[in-house]
Student: 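One structure coming up, written as structure tokens, with questions to follow.
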Amino acid sequence: MNRQTGIWIDSSKAIIISLDGDKENITEIDSDIENRSHHHDEGNKGTFSGNRHGSSETQFENRIHEQTNRYMDAIIDYVKKSDEL
């Protein structure tokens with residue numbers, strides 16, 4: 001019997017629907033990705049100069065990248081048991 005899986009995904013959550021024979025399973029995976037273009041740790045962008053703003057922006061982008069990787073890994077771990085996606 002094939003396990004069929006469908007995914008609805010955005011940056012805040014993924015909704016995964018699995019059909020395994022007559023059984024239906026709906027799972028929601030929440031994301032911890034920060035969804036702000038202006039991070040609260042950056043302060044007033046107009047007051048930053050040179051490397052300080054660049055460093056803060058790079059750290060923020062790295063954090064978003066790591067959060068996205070963890071989110072995608074959680075989704076992949078769940079759906080890798082599917083026969084059809």
Side-chain angles (χ1 to χ4, degrees):
M1 192 172 304
N2 285 344
R3 180 177 179 186
Q4 300 171 316
T5 303
I7 302 173
W8 178 85
I9 185 172
D10 68 13
S11 62
S12 64
K13 66 180 170 184
I15 298 175
I16 303 170
I17 301 171
S18 298
L19 300 174
D20 198 355
D22 292 347
K23 297 178 184 177
E24 177 183 309
N25 186 28
I26 300 174
T27 302
E28 188 172 313
I29 298 175
D30 291 323
S31 162
D32 66 349
I33 299 172
E34 297 175 48
N35 288 319
R36 289 177 258 165
S37 59
H38 177 79
H39 191 267
H40 68 277
D41 287 341
E42 289 181 89
N44 181 350
K45 286 187 176 189
T47 62
F48 282 104
S49 62
N51 292 336
R52 184 173 177 204
H53 175 67
S55 175
S56 177
E57 186 173 327
T58 301
Q59 290 174 351
F60 180 68
E61 289 172 2
N62 289 340
R63 194 167 53 249
I64 294 295
H65 182 75
E66 290 173 14
Q67 292 167 350
T68 302
N69 285 342
R70 282 193 306 269
Y71 178 49
M72 296 307 294
D73 286 344
I75 294 167
I76 290 168
D77 282 344
Y78 189 85
V79 301
K80 69 182 176 185
K81 300 171 189 162
S82 298
D83 299 308
E84 296 178 26
L85 184 60

Student: Looking at NE2 of H65 and CZ of R63, how far apart are the two atoms once the value is rounded to the nearest 0.5 Å?
Tutor: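 Rounded to the nearest 0.5 Å, the NE2-CZ separation comes to 14.0 Å.
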Student: From T68 OG1 over to D32 CG, what is the distance, rounded to the nearest 0.5 angstrom?
Tutor: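 The CG atom of D32 is 8.5 Å from OG1 of T68, to the nearest 0.5 Å.
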Student: Which heavy atom in I75 sits nearest to a heavy atom in A14, and how many Å separate them?
Tutor: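 Where I75 meets A14 most closely, the heavy atoms are CD1-CB, 3.6 Å.
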Student: Holding to salt bridge (charged side-chain N to carboxylate O under 4.0 Å, His left out), I want the full list of residues that pass it with D77, two or more places apart in sequence or in another chain.
Tutor: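 Once residues adjacent in sequence are excluded, the partners of D77 under the salt bridge (charged side-chain N to carboxylate O under 4.0 Å, His left out) criterion are K80.
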Student: CD of Q67 to CG of N62: how many Å apart, nearest 0.5 Å?
Tutor: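 It comes to 11.0 Å.
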Student: Spell out, as yes or no, whether a donor-acceptor pair under 3.5 Å connects the side chain of D10 to the backbone of S12.
Tutor: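 Answer holds: yes.
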Student: To the nearest 0.5 angstrom, please state how far the OG atom of S18 sits from the CD atom of E84.
Tutor: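 Reported value, rounded in 0.5 Å steps: 12.0 Å.
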Student: Which pair of heavy atoms, one from K13 and one from Y71, lies closest together, and at what distance?
Tutor: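 Heavy atoms of K13 and Y71 come nearest at C-OH, 2.7 Å.
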Student: Going through the distances and angles, do Y78 and I7 end up as a side-chain contact (heavy atoms from CB on, under 4.5 Å)?
Tutor: CA-CA 11 Å; Y78 189 85; I7 302 173; over 6 Å; no
Student: Mark yes or no for whether D83, through its side chain, and R3, through its backbone, hold a donor-acceptor pair below 3.5 Å.
Tutor: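 A pair under 3.5 Å: yes.
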Student: Are I29 and I9 in one and the same hydrophobic cluster, where Ile, Leu, Val, Met, Phe, Trp and Tyr link if side-chain heavy atoms are under 4.5 Å apart?
Tutor: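 Linked, I29 and I9 end up in one cluster.
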Student: If you round to the nearest 0.5 Å, how far is CD1 of I16 from CG of L85?
Tutor: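 Taking CG in L85 and CD1 in I16, the distance rounds to 9.0 Å.
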Student: Report the hydrophobic cluster partners of L19, with the cluster defined as I, L, V, M, F, W, Y residues connected by side-chain heavy atoms closer than 4.5 angstrom, directly or transitively.
Tutor: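 Traced through the cluster, L19 reaches no other member.
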Student: Of all residues at least two apart in sequence or in a different chain, which pass the salt bridge (charged side-chain N to carboxylate O under 4.0 Å, His left out) check with D20?
Tutor: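 With neighbours one apart ignored, the set is empty.
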Student: For the CD atom of E34 and the OG atom of S11, what is their distance to the nearest 0.5 Å?
Tutor: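 Here the rounded value is 12.0 Å.
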